[in-house]
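By convention in this document, chain letters (A, B, ...) are assigned in the order of the sequence lines, proteins followed by strands, and residues within each chain are numbered from 1. All values reported here derive from a predicted model rather than from experimental measurement.
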Number of protein chains: 2
Amino acid sequence: MTGTTSDQEDADRTIPAAIADRLRREILTGILPAGAQIKERDNADRLGISRTPLREAVRILAKEGLVTLRPLRSPIVAAPDLNEVRDEIAVLRMLELMSGELACQKASDAEITHVRDLARQVETDYYTADKVDVFDMDMAMHSAIVAASHNAALTRTHREYLQRLWRIRFMSARRRDDANRTLGDHAGMVQALADRDEAAIRRHIDNHMNGMLANIEAHFRNEAKAAKG
Amino acid sequence: MTGTTSDQEDADRTIPAAIADRLRREILTGILPAGAQIKERDNADRLGISRTPLREAVRILAKEGLVTLRPLRSPIVAAPDLNEVRDEIAVLRMLELMSGELACQKASDAEITHVRDLARQVETDYYTADKVDVFDMDMAMHSAIVAASHNAALTRTHREYLQRLWRIRFMSARRRDDANRTLGDHAGMVQALADRDEAAIRRHIDNHMNGMLANIEAHFRNEAKAAKG
DNA sequence: CCCGCAAGAATGGTATACCAAAATTGAAAG
DNA sequence: CTTTCAATTTTGGTATACCATTCTTGCGGG
């Protein structure tokens, strides 16, 4: 999540992209809570730039789904409800299943090794590293599988969905409870990829997504209970 | 394609969205050919607005994949190569297959009727109406199936892909040759939806996409031949 | 005490001025 | 005639001024 830029590919480092990175992190970590207004003048002053590049940054985040634009009103941090998130996870599942199959067919040995290394890094740091960093590594590992599918459009769309879902996944992760399942899924995916076993990788991806959805649904239930109690 | 706006949902009609609509049509119809520069001052003057809303419009088209942004250089009309298009069609196929299955499960009778009406309209006007309008109707019919899936994220992403592929599909459509197959696929999809037969709709969608891909590959071959000869 | 509403403040949208980087041009050297 | 390279022009990026709309606020009537 750290080095995400505005548009195609990577490696430009334009000012709006950098501002978008900063705002994104503030949103994902809750410094800018869901529903908060992002006023152009306030934030431009706060970040030491003028309104023009800030507007561009907000548009980038709107495209990613983290911010909602409203004509003639302040943009607000998006607050997706459970139904929207469910829909997005359903699509993400499909994208990952497709990626897994294609990766089994097309991944190079080097790419498989890279995926395994990333999975090991996640496993090693799961309990010790900063939670945000763990999530970045997790995302990098999934993205590496998708990249191994050698489908540029799939890679781009998958990244968009991961970004959109990043915050809610982050907020709903219940570390201890699901560590074994998550890490087990990862290991299973890596092994299936190494075996180029499409059925197996589908199974592990599906399991992974079911766990993610269960966490998020539990999070929404807790939130609703907290709002009522 | 006519009423496509910038961001979420429909029905705002902000100036940049209207400018984006106009530029989009100019790109899709070839008034702005692939590879052409979109200079901010020239186009702002030509369209009677300032550079600011034009820039917003270009960003919208960049997000749709119709133009390519290059830092410190003029944006250019995107010119995807065959490999990129193949990747995009592969994802579109997956999105449509998912939509078809979900639509068979969740579509209301009214939605199925609506899809059938749109399919009939395409069939009626296929040879007589303006080619651009036929493509709009075709897109509306496919979008109606996706809408019947009742998955907002899927609907949004599917529309993005259709938009991105609109121009190349338009340019590579070989009317007479494929009319029967195209219209047959449509009829099959409608019937499968009415029967709520998931396997059948998958079959027809797959056939439809194969035909589309074949057309586009033939188009690229002809283009390469024309460039050489 | 509450509601309606008008005046002022705040805010997003647009136009424009200015800057820095890139493209262009043209003259001089070979 | 070709090639270099520096001066000029062109262009995208940013800052800022201005406008139209929306939001606040507080006064007055009920």
*Among residues 33-42 of chain A, which contact DNA chain C at a heavy-atom distance under 4.0 Å?*
I38(A), K39(A), E40(A), R41(A)
*To the nearest Å, how far apart are R55(A) CZ and dT11(C) P?*
14 Å
*Spatial distance of atom CD1 (I205(B)) from atom CE (M189(B)) [nearest 0.5 Å]*: 4.5 Å
*asked:* Please identify which of these residues, R164(A), R167(A), R93(A), meets the salt bridge (charged side-chain N to carboxylate O under 4.0 Å, His left out) condition with E88(A).
replied: R164(A)
*Where does the chain A footprint on DNA chain D start and end, counting 5' to 3' with a 4.0 Å heavy-atom cut-off?*
dT14(D) to dC23(D)
Please report, to 0.1 Å, the donor-acceptor pairs under 3.5 Å made by any side chain of residues 72-84 of chain A, with sequence neighbours excluded.
{"residue": "R73(A)", "atom": "NH1", "partner": "P71(A)", "partner atom": "O", "Å": "3.4"}
{"residue": "D81(A)", "atom": "OD1", "partner": "N83(A)", "partner atom": "N", "Å": "3.1"}
{"residue": "D81(A)", "atom": "OD1", "partner": "E84(A)", "partner atom": "N", "Å": "2.9"}

_dA21(C), OP1 or OP2 - any side-chain N/O from R73(B) closer than 4.0 Å?_
no
*asked:* When you compare the side chain of L23(A) with that of L54(A), does any pair of heavy atoms fall below 4.5 Å?
replied: yes
*Qualifying residue, where the test is side-chain hydrogen bond (donor to acceptor under 3.5 Å, both in side chains) with E111(B) and the options are K106(B), H150(B), R116(B)*: H150(B)
*Does some side-chain heavy atom of D125(B) sit less than 4.5 Å from a side-chain heavy atom of D133(B)?*
no
_Nearest whole Å is fine: how far is dG12(C) P from E56(B) CD?_
13 Å
*Side chains of R221(A) and E217(A): closer than 4.5 Å at any heavy-atom pair?*
yes
_Contact between K63(B) and Q163(B) at the side-chain level, heavy atoms closer than 4.5 Å - yes or no?_
no
*If you round to the nearest 0.5 Å, how far is CG of L95(A) from OG1 of T157(B)?*
7.5 Å
*Looking for any heavy atom pair under 4.0 Å, which part of the strands does T52(A) touch: base, sugar-phosphate only, or nothing?*
base
*asked:* Quick check on the helix from dC1(C)-dG30(D) to dG30(C)-dC1(D): what's the angle between its two end axes, five base pairs per end, to the nearest 10°?
replied: 0°
_So does K39(A) get a backbone contact from the side chain of N43(A), meaning a donor-acceptor N/O pair under 3.5 Å?_
yes
*Enter the distance from L32(A):CG to R25(A):CZ here, rounded to the nearest 0.5 Å.*
13.5 Å
*Given side chains that start at C-beta, do those of D136(A) and W166(A) come closer than 4.5 Å, heavy atoms only?*
yes
*By salt bridge (Lys or Arg N to Asp or Glu O under 4.0 Å), which residues pair with D87(A), not counting sequence neighbours?*
none
*Close approaches to DNA chain D from residues 43-51 of chain A, in residue order (heavy atom, under 4.0 Å)*: I49(A), S50(A), R51(A)
